[in-house]
Amino acid sequence: MIKKIAILVTLWLVYTFSEYFYLPYFVKLFSWLLVSITLFILLVRQTIKVVKERRDLRISRLLNLFITLFLFFLTFYNLNKIPSSIIEKIDWTISYNKRLQTVNEALIEKIKPNSKMNNGICKLPFDFPIISNGGNDIWIYQNKVKNTKTIKFWISRGFFESPQTYFIFTNDNGTKKQYEEQIKAKPEYNWKLEENWYRIMERY
């Protein structure tokens, strides 16, 4: 029983980190639905077993039920909000130096937008650690008049009409002002990380 619980938790952790770092944005909803449905089925099965074994109930059975319920809640609650917010903080800390290096290279135009659509997207090599989720693409915008740049690293690319979230570097005063206004309007979704760096949610 304990081995099964350990396997379940391990698989859930693999899914959670894969969903945050690697899964393309257009499959995240389907993977979330699959995992949620699977956990719900396991939860129903564990509940039935607890009822059947209520006269001779083992602690391991209750532990299995509790952990399954807990994982289901973490997965289902606001589309995985709790584990994603924790991983986001870890992601910001671990990949900070690599993102800063990428920004410095973009500022001196060592790396530039390279998408055929000419939409500011720069496709980076898919190396670990991933610094922009959902494909390791970043978005580079240059204000040629002021010679400033804004560089976006995706946290979540969203799906359908869902908002997109970013770690953003900008040395453009106009863009900074725009982000400061967003922070004042919705501080629960937007905040300043440090000088020139922001965490911003945008809806298109």
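Index from 1, following the sequence. Just so you know, these numbers come straight off a predicted model, no measurement behind them.
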Pairing residues for K110 by the side chain to side chain contact (heavy atoms under 4.5 Å, CB included) criterion, not counting sequence neighbours: E105, I108

Side-chain heavy atoms of E53 within contact of R58, under 4.5 Å: yes

Test log, rule side chain to side chain contact (heavy atoms under 4.5 Å, CB included), inputs T93 and K89: CA-CA 6 Å; T93 302; K89 290 180 174 63; 5.7 Å; no

From I130 atom CD1 to N136 atom CG, the distance as rounded to the nearest 0.5 Å: 4.5 Å

same_hphob_cluster(Y15, L33) at 4.5 Å side-chain heavy-atom cutoff: yes

Nearest atoms (heavy-atom pairs only) where I140 meets C122: CD1-CB, 4.0 Å

Heavy-atom check, side chain of I5 versus side chain of L63, under 4.5 Å: yes

Common cluster, I48/L69, ILVMFWY with side-chain heavy-atom separation under 4.5 Å: yes

Side chains of P113 and I121 in contact at under 4.5 Å (non-hydrogen atoms): no

Close side-chain approach of D91 and I131, heavy atoms under 4.5 Å: no

Min side-chain heavy-atom separation L124-T102 under 4.5 Å: yes

Pairwise side-chain contact, I168 with T150, heavy-atom cut-off 4.5 Å (strictly under): yes

Residues forming a side chain to side chain contact (heavy atoms under 4.5 Å, CB included) with I59, sequence neighbours excluded: none

Side-chain heavy atoms of F153 within contact of V103, under 4.5 Å: yes

Distance (rounded to the nearest 0.5 Å) between L39 CG and I67 CD1: 12.0 Å

Over 12 foreign heavy atoms within 6.0 Å of NZ, K112: no

4.5 Å side-chain heavy-atom contact, L8 and L42: yes

Step-by-step side chain to side chain contact (heavy atoms under 4.5 Å, CB included) determination, Y179 to N190: CA-CA 8 Å; Y179 293 153; N190 308 288; over 6 Å; no

Minimum heavy-atom distance between V50 and L57, given as atom pair plus value: O-CD1, 3.8 Å

Step-by-step salt bridge (Lys or Arg N to Asp or Glu O under 4.0 Å) determination, D56 to R61: CA-CA 10 Å; D56 187 26; R61 177 68 68 196; over 6 Å; no

Name of the residue among L11, I87, I86, L71 meeting side-chain contact (heavy atoms from CB on, under 4.5 Å) with T16: I87

NZ on K3 to OG on S60, rounded to 0.5 Å: 15.0 Å

NZ-CD distance between K149 and Q142, expressed to the nearest 0.5 angstrom: 4.5 Å

Qualifying residue for side-chain contact (heavy atoms from CB on, under 4.5 Å) with T148, from L107, T175, N143: N143

Linked hydrophobic residues, I37 as query - side chain contacts closer than 4.5 Å: I41

Single-linkage hydrophobic cluster, 4.5 Å side-chain cutoff, L34 and V44 together: no

D137 bridged to K152 by N-O distance under 4.0 Å: no

Nearest heavy atoms of I138 and S132, plus distance in Å: CG2-CB, 3.9 Å

Atom pair NZ/CG of K49 and L62 - distance to nearest 0.5 Å: 13.5 Å

Donor + acceptor pair across side chains of E180, Y198 (<3.5 Å): yes

T75-W12 side chain donor-acceptor pair, cut-off 3.5 Å: yes

Under the ring pair (Phe, Tyr, Trp, His ring centres under 6.0 Å) test, residues paired with F70 that sit two or more places apart: none

Partner residues of W92 under the ring pair (Phe, Tyr, Trp, His ring centres under 6.0 Å) criterion, sequence neighbours left out: Y96, F167, W197

Inter- and intrachain pairs under salt bridge (charged side-chain N to carboxylate O under 4.0 Å, His left out), touching residues 183-199, at least two apart: E88-R199, K176-E195, K192-E195

Side-chain (N196) to main-chain (N171) donor-acceptor, under 3.5 angstrom: no

